[in-house]
Every structure is written in C-alpha cells, then in structure tokens.
Amino acid sequence: TNAITHGRYISGATVPSTFLIEASRMMLPLGFESGTTLIAHLRYEMGEYNREPELCQNPLLVCLGRNRLYEVMTMRDFGEQIRALASKLGCKHVFPILPRQFMNESLASAIAAEFALTTEDLVSSRKVPYLNVLLYERTLAVISHGFVSETRGTTFSATINRERIALGLSSRHHLESVVSKYTVRIDDALRAKLSMSGADAATTVADIVAAKLNRKL
C-alpha cells in the first residue's frame with residue numbers, strides 16, 4: 001500500500017484517531033462523504049493583518065498569499081477552478097475550511113455559496129469549542145479524498161500532506177498552481193489601475209485576467 005511505500009513518513013505523522021475521524025465526518029453537511037469530498041483551505045493572512053481590505057474583504061474577490069506577496073482573483077474564477085479540480089479528482093462536493101475570524105461574513109458567505117453551501121454548513125458554525133473546530137477541520141483535511149490548500153510560506157498544508165501520505169491518500173494540491181492563470185498580483189500597478197478605473201474592483205481584476213489569458217492564446 002501507499003502507507004507502506006511511504007513508511008518513512010509515518011513516524012513523523014500524527015495520524016488522527018478513529019474516534020476523531022468519525023466525529024469529524026459528522027461535521028460534514030448532509031449528503032457529504034469524506035471519500036467523495038475535496039477540502040479547500042484558505043489561510044487568508046491578508047484578513048489576519050487587515051491588509052488590502054478593499055480587495056480582500058470584497059465578497060466578489062478572493063485573495064491569496066503570505067508575507068506581503070499577495071494575489072487577488074474573482075470569486076467566480078476561484079469557484080470555477082476549485083470545482084474543476086474536484087471534478088478531475090472524482091469528487092462530488094467541495095467543502096471549504098475558512099478562518100472566519102479573518103474575513104467578514106459577506107466574504108465567508110460568498111465563498112460558501114460557490115459550493116452550494118451556506119456559512120451554517122461550515123465546521124466553524126457548529127456549536128462546539130473553538131479547539132474542537134480546529135481539530136475537526138484538520139482531520140477532514142487529512143482524511144478526505146482531495147485536499148487543496150495554500151502552500152507558500154505555511155507549514156499547515158505540509159503537515160496535513162505528511163499525514164495523508166501516512167494514510168495512503170493522495171498528496172495535497174497547491175492552490176497557487178491550480179488558480180495561477182486567474183490571479184493578479186496586488187502591487188502598485190494594480191492599485192494605480194484601481195484608482196484610475198471607473199469600474200468596481202472585481203470588474204477591474206476580471207478585465208486584467210481576461211487580458212492576461214488573451215495574451216497567452
């Protein structure tokens with residue numbers, strides 16, 4: 001099995017207990033099964049440090065990145081690319097793991113809606129202690145059929161990846177690579193375009209992405 005083939009990882013991986021696995025599966029919405037679900041994790045450092053709020057708290061946009069190297073994309077492109085990955089992996093559902101304390105309710109609701117969910121469906125809305133929320137979310141990332149996450153400058157996805165391999169599951173998918181064609185770097189050039197444009201931020205970002213894609217045709 002993969003667990004034996006990759007046995008060198010097992011000693012360094014804390015594999016969830018059977019009890020925790022079963023408890024975590026109960027956190028999924030009705031009709032979801034871990035074996036047919038893609039977990040999508042967002043770190044959202046921009047919200048943690050209140051950076052670029054006009055972009056990164058906009059429910060029409062999603063931001064990625066760490067250490068001031070940030071990118072933005074439209075919510076529609078984000079949803080389409082994650083759903084496409086889920087389809088490719090044979091997953092029936094996408095279940096997001098979101099740091100709700102770093103994003104406003106409109107943004108969290110918009111992300112959930114991309115996958116036919118509401119914020120009430122998320123683990124973070126369950127009436128359980130915050131530590132349990134973290135444990136359940138982490139375990140779902142370990143045991144579900146697919147896992148896609150930001151990987152740049154973070155140890156979370158690397159740790160989850162090691163545990164997935166120890167259980168004989170597929171490796172993580174790098175969110176940055178999955179959506180790279182549809183992101184725009186948040187820099188002075190983008191800020192200048194936003195200030196000069198008469199359109200809203202989401203339209204401006206969509207226009208820049210469209211121009212980028214056309215150049216590659």
Side-chain angles (χ1 to χ4, degrees), residues 38-88 93-122 124-125 146-154 156-157 172-217:
L38 170 67
I39 300 296
H41 174 254
L42 285 174
R43 170 66 176 77
Y44 238 70
E45 181 185 277
M46 301 71 58
E48 181 178 6
Y49 295 106
N50 195 32
R51 291 172 181 157
E52 310 291 343
E54 70 284 356
L55 293 172
C56 299
Q57 295 297 329
N58 185 329
L60 298 177
L61 298 169
V62 173
C63 291
L64 310 173
R66 295 291 302 277
N67 302 321
R68 296 187 180 275
L69 297 176
Y70 303 132
E71 296 175 313
V72 62
M73 64 187 302
T74 67
M75 184 67 68
R76 185 179 71 175
D77 285 340
F78 173 76
E80 287 180 351
Q81 295 311 302
I82 299 302
R83 290 194 300 272
L85 175 63
S87 178
K88 180 180 177 181
H93 304 287
V94 176
F95 190 67
I97 293 177
L98 307 177
R100 300 279 292 281
Q101 68 273 32
F102 301 151
M103 52 180 62
N104 62 40
E105 190 64 18
S106 294
L107 176 58
S109 295
I111 294 172
E114 282 296 318
F115 309 114
L117 299 169
T118 71
T119 54
E120 293 304 308
D121 294 312
L122 304 181
S124 52
S125 292
F147 174 55
V148 59
S149 176
E150 294 181 68
T151 58
R152 188 181 303 134
T154 176
F156 175 83
S157 65
R172 66 188 170 183
H173 294 267
H174 296 237
L175 180 58
E176 297 91 343
S177 298
V178 171
V179 302
S180 61
K181 292 181 181 178
Y182 301 89
T183 59
V184 177
R185 176 65 61 85
I186 300 177
D187 55 17
D188 289 341
L190 175 59
R191 295 184 189 97
K193 286 182 180 179
L194 290 169
S195 65
M196 293 168 54
S197 173
D200 60 86
T203 299
T204 301
V205 170
D207 288 345
I208 294 171
V209 170
K212 181 169 73 169
L213 293 175
N214 286 335
R215 286 196 299 270
K216 293 182 178 181
L217 293 178

Considering non-hydrogen atoms only, spot the tightest contact between Ser197 and Ala199 and give its length. OG-N, 2.9 Å

Straight-line distance of Thr118 OG1 to Asp121 CG, nearest 0.5 Å: 4.0 Å

When rounded to the nearest 0.5 Å, the distance separating CG of Leu60 from CZ of Arg76 is 11.0 Å

From Arg43 CZ over to Leu175 CG, what is the distance, rounded to the nearest 0.5 angstrom? 13.5 Å

Please give me the minimum heavy-atom distance between Ser106 and Pro59, naming the atom from each residue. O-CB, 3.7 Å

Of all the heavy-atom pairs spanning Thr183 and Leu64, show the shortest one and how long it is. CG2-CD1, 4.3 Å

Whether the side chain of Glu150 engages the backbone of Gly65 through a donor-acceptor N/O pair (distance < 3.5 Å, no angle test) should be reported. yes

Whether Glu48 side chain and Gln101 backbone form a donor-acceptor pair below 3.5 Å: no

Begin from the C-alpha positions of Asp77 and Val205 and carry the test side-chain contact (heavy atoms from CB on, under 4.5 Å) through to its verdict. CA-CA 11 Å; Asp77 285 340; Val205 170; over 6 Å; no

Between Lys181 and Lys212, is there a donor-acceptor pair closer than 3.5 Å when you use the side chain of the first and the backbone of the second? no

Please report the interatomic distance CG(Asp187) to CZ(Arg68), rounded to the nearest 0.5 Å. 14.0 Å

Is it true that, when you exclude Arg191 itself, more than 12 heavy atoms of the residues, nucleotides or ligands shown sit nearer than 6.0 Å to its CZ? yes

Within the side chain of Glu45, is there an N or O that forms a donor-acceptor pair under 3.5 Å with the backbone of Asn67? yes

For the residue pair Ser125 and Arg100, confirm or rule out a side-chain donor-acceptor distance under 3.5 Å. yes

Value for CZ (Arg83) from NE2 (His93), rounded to nearest 0.5 Å, stands at 14.0 Å

State, yes or no, whether a side-chain contact exists between Pro96 and Leu117 at a heavy-atom distance under 4.5 Å. yes

Any donor-acceptor N/O pair, Ser195 side chain to Ala192 backbone, under 3.5 Å: yes

Nearest heavy-atom approach of Thr74 to Ala202 is CG2-O, 3.9 Å

Determine, step by step, whether Leu194 and Leu55 satisfy the side-chain contact (heavy atoms from CB on, under 4.5 Å) criterion, reporting the C-alpha distance in whole Å, the side-chain angles of both residues, the deciding distance to 0.1 Å, and the verdict. CA-CA 10 Å; Leu194 290 169; Leu55 293 172; 3.8 Å; yes

Picking from Ile208, Leu61, Val209, what satisfies side chain to side chain contact (heavy atoms under 4.5 Å, CB included) with Val72? Leu61

Met103 and Ile111, any side-chain heavy atoms less than 4.5 Å apart: yes

Relative to each other, are the rings of Phe115 and Phe78 parallel, tilted or perpendicular (30° and 60° limits)? perpendicular

Close side-chain approach of Pro99 to Tyr44, heavy-atom, < 4.5 Å: yes

Stepwise, does the side-chain contact (heavy atoms from CB on, under 4.5 Å) test hold for Met75 with Asn58? CA-CA 9 Å; Met75 184 67 68; Asn58 185 329; over 6 Å; no

Can a donor-acceptor pair be found, under 3.5 Å and without considering hydrogens, that links the side chain of Arg51 to the backbone of Cys56? no

Donor-acceptor pair, Tyr182 side chain versus Leu213 backbone, under 3.5 Å? no

Within-4.5 Å side-chain heavy-atom neighbours: Thr204 and Asp207: no

The reported gap from NE2 in His41 to CZ in Arg172 (rounded to nearest 0.5 angstrom) is 12.5 Å

